[in-house]
Amino acid sequence: MAAATGDMPTYQIRAPTALPQGVVMAASPGSLHSPQQLAEEATRKRELRLMKNREAAKECRRRKKEYVKCLESRVAVLEVQNKKLIEELETLKDICSPKTD
DNA sequence: TGTATGTGACGTCAATTTCC
DNA sequence: GGAAATTGACGTCACATACA
């Protein structure tokens with residue numbers, strides 16, 4: 001797994017996140033007492049976590065695709081550049097090589 | 001140190017392509 | 001035409017890391 005620092009890919013950038021629409025913060029756990037209330041709170045927390053993680057995964061994949069696209073276009077540019085340099089080298093070789101006839 | 005967040009890995013599903 | 005293979009998107013879990 002890539003570390004979040006150092007060689008971190010450009011698509012790994014933390015963005016400030018807001019609560020998804022429709023998500024309401026519950027009362028603090030300190031106000032809960034019965035086992036049922038605690039279980040409900042745990043379920044609510046889990047669902048909230050799953051929902052946030054779902055969105056985070058979507059965003060993560062979107063950034064990754066963008067990053068790969070970016071790399072691919074850079075490869076295309078470098079290939080063109082490389083081809084030009086090879087052609088230039090061949091031209092210079094022709095100019096510099098002694099004529100044999 | 002507990003919580004929030006980002007991401008790799010894995011399984012699933014539907015759409016598309018390939019092969020017979 | 002239909003089975004098998006491939007592909008892309010998704011949801012979830014586990015783990016690493018950042019941060020208060």
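The figures that follow rest on heavy atoms only: side chains count, while hydrogens, waters and symmetry mates do not. Sequence lines set the chain letters: A, B, ... in the order given, protein chains first and strands last, and positions in each chain run from 1. Quick caveat, the model's predicted, so the values are computed rather than measured.
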From [atom1] of [X] over to [atom2] of [N], roughly how many Å is that when rounded to an integer?
X	N	atom1	atom2	answer
E55(A)	dA4(B)	CD	P	17 Å
K52(A)	dT7(B)	NZ	P	16 Å
K45(A)	dG2(B)	NZ	P	13 Å
R44(A)	dT3(B)	CZ	P	13 Å
R54(A)	dA9(C)	CZ	C1'	14 Å
K64(A)	dG6(B)	NZ	C1'	12 Å
R62(A)	dC10(C)	CZ	C1'	16 Å
E59(A)	dG6(B)	CD	C1'	11 Å

(message) Salt bridge or not between E66(A) and K69(A)? Use side-chain N to carboxylate O under 4.0 Å.
(response)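 Salt bridge between E66(A) and K69(A), a charged N being under 4.0 Å from a carboxylate O: no.
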
(request) Give a yes or no on whether a donor-acceptor pair under 3.5 Å exists between the nucleobase atoms of dG11(C), that is its base, and the side chain of R61(A). (result) yes

(request) Please state whether the base of dG6(B) and the side chain of R49(A) form at least one donor-acceptor pair under 3.5 Å? (result)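 Yes.
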
Does [N] have OP1 or OP2 under 4.0 Å away from a side-chain N or O of [X]?
X	N	result
R63(A)	dT7(B)	yes
K58(A)	dC10(C)	no
R46(A)	dC13(C)	yes
K65(A)	dA9(C)	yes

(request) Could you please spell out the steps behind the side chain to side chain contact (heavy atoms under 4.5 Å, CB included) verdict for E87(A) and K83(A)? (result) CA-CA 6 Å; E87(A) 284 171 4; K83(A) 198 178 169 188; 3.9 Å; yes

(request) Kindly determine whether R63(A) and E59(A) satisfy salt bridge (charged side-chain N to carboxylate O under 4.0 Å, His left out), including the steps that lead there. (result) CA-CA 6 Å; R63(A) 281 200 298 268; E59(A) 182 61 16; 3.4 Å; yes

(request) Quick one: pull up CG in D94(A) and CG in L89(A) and give me the separation to the nearest 0.5 Å. (result) 10.0 Å

(message) Between K52(A) and E55(A), does the side chain to side chain contact (heavy atoms under 4.5 Å, CB included) criterion hold? Intermediate values first, please.
(response) CA-CA 5 Å; K52(A) 281 187 175 182; E55(A) 294 305 311; 5.9 Å; no

